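Since the model is a prediction, treat every value here as computed from it, not as a measurement.
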Amino acid sequence: MATKTIVAFDLYGTLLSTESIVKQLEKHFDNAKAQSISSLWRRYQLEYTWRLNSMGRYEEFSAITRNSLIHALADNNEQLSNDNIEHFMQAYDSLSTFSDVDPALSHIAADPTIQAVIFSNGTRSMVSNSMLRSRDLSPHASVFQDIVTSDKVKQYKPSQASYKHLAKQTGQDPSHMNKLWLISGNPFDIVGARAAGMQAIWVDRVGTGWRDAMAPDLRPTAIVHSLEHIVNEIHRHRL
């Protein structure tokens, strides 16, 4: 039997829509403020991971997620009780998927040449909870053969250590990273994977085109506007 191609899916912003938390926020705030809090929550969540990487420190992603929510609330001159914050943390474990996820994962499940895994900055507990509690994602839990998370290496993407950790956890030779594929809607993740030598497909759902100019040589292997197209792209570029 031919060796399967390992395809690692980012979770937040790729399979799960972090913007879907707006519906929960609207139970406490008007739409405009809910949108603002949601956007800042995600911004600070990512920013905190990058700061911690730069400082050589580590905090669990669950703590980062909680603290970034508090920061987003403060920027909007709002605050919530501990009980309400805990409610939002639980809601984060049941985010909705993007509309193209269901058909895409059905394609993956039907392709015997692909071995799919989740590769996330989230803790294993957070990712496992999402796989069980997300109404949209849970039916596809069996598609993924493993969950690889940054809490094991205590460095967040896009650190090179996190991508090497992915290789080791999936039984791949870290010196042959070009056999590994990353699927992500987050440009920073794509750039990190490409810097590590991986293949990477960027999911450009908005259709803006690749704009990340930090490292012009670290472009995606392929760009798709829908997750449904990734199987064709992997077969087209397979080494």
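- In this structure a side-chain-to-backbone donor-acceptor pair under 3.5 Å is missing from Gln155 to Val153.
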Working for side chain to side chain donor-acceptor pair (under 3.5 Å), residues Ser36 and Asn76: CA-CA 8 Å; Ser36 174; Asn76 280 272; 3.0 Å; yes
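- Other residues, nucleotides and ligands contribute more than 12 heavy atoms inside 6.0 Å of the NE2 atom of His235.
- Linking Ile, Leu, Val, Met, Phe, Trp and Tyr whenever their side-chain heavy atoms come within less than 4.5 Å puts Trp41 and Leu95 in one cluster.
- Proximity of Ile234 to Ile114: side-chain heavy atoms (C-beta onward) are separated by under 4.5 Å at one or more points.
- Residues Phe61 and Val127 share a hydrophobic cluster, clusters being chains of Ile/Leu/Val/Met/Phe/Trp/Tyr side chains in contact below 4.5 Å.
- Side chain of Trp202 to backbone of Gly185: a donor-acceptor contact under 3.5 angstrom is found.
- Formation of a donor-acceptor pair under 3.5 Å by the Gln160 side chain with backbone atoms of Gly192 is found in this model.
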Step-by-step ring-ring contact (aromatic ring centres under 6.0 Å, His included) determination, His28 to Phe88: CA-CA 11 Å; His28 296 266; Phe88 283 116; 5.4 Å; yes
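- Among all heavy-atom pairs drawn from Glu78 and Lys33, the shortest one is OE2-NZ, 3.0 Å.
- In terms of heavy-atom proximity, Ser138 sits nearest to Arg135 at OG-O, 3.7 Å.
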Worked check of side chain to side chain contact (heavy atoms under 4.5 Å, CB included) between Ile37 and Phe29: CA-CA 9 Å; Ile37 292 170; Phe29 311 105; 3.7 Å; yes
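- Taken to the nearest 0.5 Å, the CE atom of Met177 stands 9.0 Å off from the OH atom of Tyr163.
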Chi angles and distances behind the side chain to side chain contact (heavy atoms under 4.5 Å, CB included) call for Lys179, Ile6: CA-CA 8 Å; Lys179 301 292 185 181; Ile6 304 296; over 6 Å; no
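- Connection of Ile21 to Leu73 is established within a shared hydrophobic cluster, with ILVMFWY side chains joined at heavy-atom distances below 4.5 Å, either directly or through further cluster members.
- A donor and an acceptor atom, one from each side chain of Ser68 and Gln45, are nowhere located under 3.5 Å apart.
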Test side chain to side chain contact (heavy atoms under 4.5 Å, CB included) applied to Ile64 and Asn121, step by step: CA-CA 11 Å; Ile64 290 173; Asn121 273 340; over 6 Å; no
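- When atom types are taken as modelled, the side chain of Arg194 and the backbone of Arg219 share a donor-acceptor pair closer than 3.5 angstrom.
- Residue Asp75 holds its CG atom at 5.5 Å from CG of Leu40, rounded to the nearest 0.5 Å.
- Val117 and Ile108 fall into different hydrophobic clusters, where Ile, Leu, Val, Met, Phe, Trp and Tyr are joined by side-chain heavy atoms under 4.5 Å apart, directly or via other members.
- Atom CD of Gln145 and atom NZ of Lys4 lie 6.5 Å apart (nearest 0.5 Å).
- Val191 and Ile183 fall into different hydrophobic clusters, where Ile, Leu, Val, Met, Phe, Trp and Tyr residues are linked whenever their side-chain heavy atoms come under 4.5 Å apart, directly or through other members.
- Between Arg66 and Glu86, the shortest heavy-atom contact is NH1-OE1, 3.7 Å.
- The two residues Ser184 and Asn186 make their nearest non-hydrogen contact at OG-N, 3.0 Å.
- For CZ of Arg51, the number of neighbouring non-hydrogen atoms (other residues, nucleotides, ligands) closer than 6.0 Å is greater than 12.
- Between atom CG of residue Leu105 and atom CD of residue Glu228 there is a gap of 10.5 Å, rounded to the nearest 0.5 Å.
- The closest side-chain heavy-atom distance from Asp189 to Thr14 is not below 4.5 Å.
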Thr149/Thr123 under side chain to side chain contact (heavy atoms under 4.5 Å, CB included): CA gap, chis, key distance, verdict: CA-CA 6 Å; Thr149 55; Thr123 63; 6.0 Å; no
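- In this structure, the side chain of Ser106 engages the main chain of Asp102 through a donor-acceptor pair within 3.5 Å.
- How far CG of Asn53 is from OG of Ser150: 8.5 Å, rounded to the nearest 0.5 Å.
- The side-chain heavy atoms of Ser130 and Tyr12, taken from C-beta on, include a pair separated by under 4.5 Å.
- Closest of all the heavy-atom pairs between Phe188 and Lys157 is CE1-O, 3.6 Å.
- Side-chain contact between Asn67 and Tyr44: absent, with no pair of heavy atoms (C-beta onward) separated by less than 4.5 Å.
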Verdict with supporting geometry, Ser81 and Asp83, side chain to side chain donor-acceptor pair (under 3.5 Å): CA-CA 5 Å; Ser81 68; Asp83 286 346; 5.3 Å; no
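- At least one side-chain heavy atom of Lys152 sits under 4.5 Å from a side-chain heavy atom of His165.
- Between Leu15 and Leu227, the closest side-chain pair of non-hydrogen atoms falls below 4.5 Å.
- A salt bridge does not link Glu26 with Lys23: none of the charged nitrogens is closer than 4.0 Å to a carboxylate oxygen.
- Contact between Ser20 and Ser96 at its shortest, heavy atoms only, is OG-N, 3.1 Å.
- The closest side-chain donor-acceptor pair between Ser134 and Asp136, if any, does not fall under 3.5 angstrom.
- Under the 30°/60° scheme for interplanar angles, the aromatic rings of Tyr156 and Tyr58 are found to lie parallel.
- By the neighbour-count criterion of 12 heavy atoms within 6.0 Å, atom CD of Glu19 is sparsely surrounded, having that number or fewer from other residues, nucleotides or ligands.
- In this structure, the side chains of Asn178 and His176 come closer than 4.5 Å at one or more pairs of heavy atoms.
- Side-chain N or O atoms of His225 include none that pairs as donor or acceptor with a backbone N or O of Arg205 at under 3.5 Å.
- Atoms CD and CE, from Glu60 and Met126 in turn, are 9.5 Å apart once rounded to the nearest 0.5 Å.
- Looking at Ser54, its side chain does come within 3.5 Å of a backbone N or O of Trp50 through a donor-acceptor pair.
- Side chains of Ser125 and Asn129 form a contact here, defined as non-hydrogen atoms less than 4.5 Å apart.
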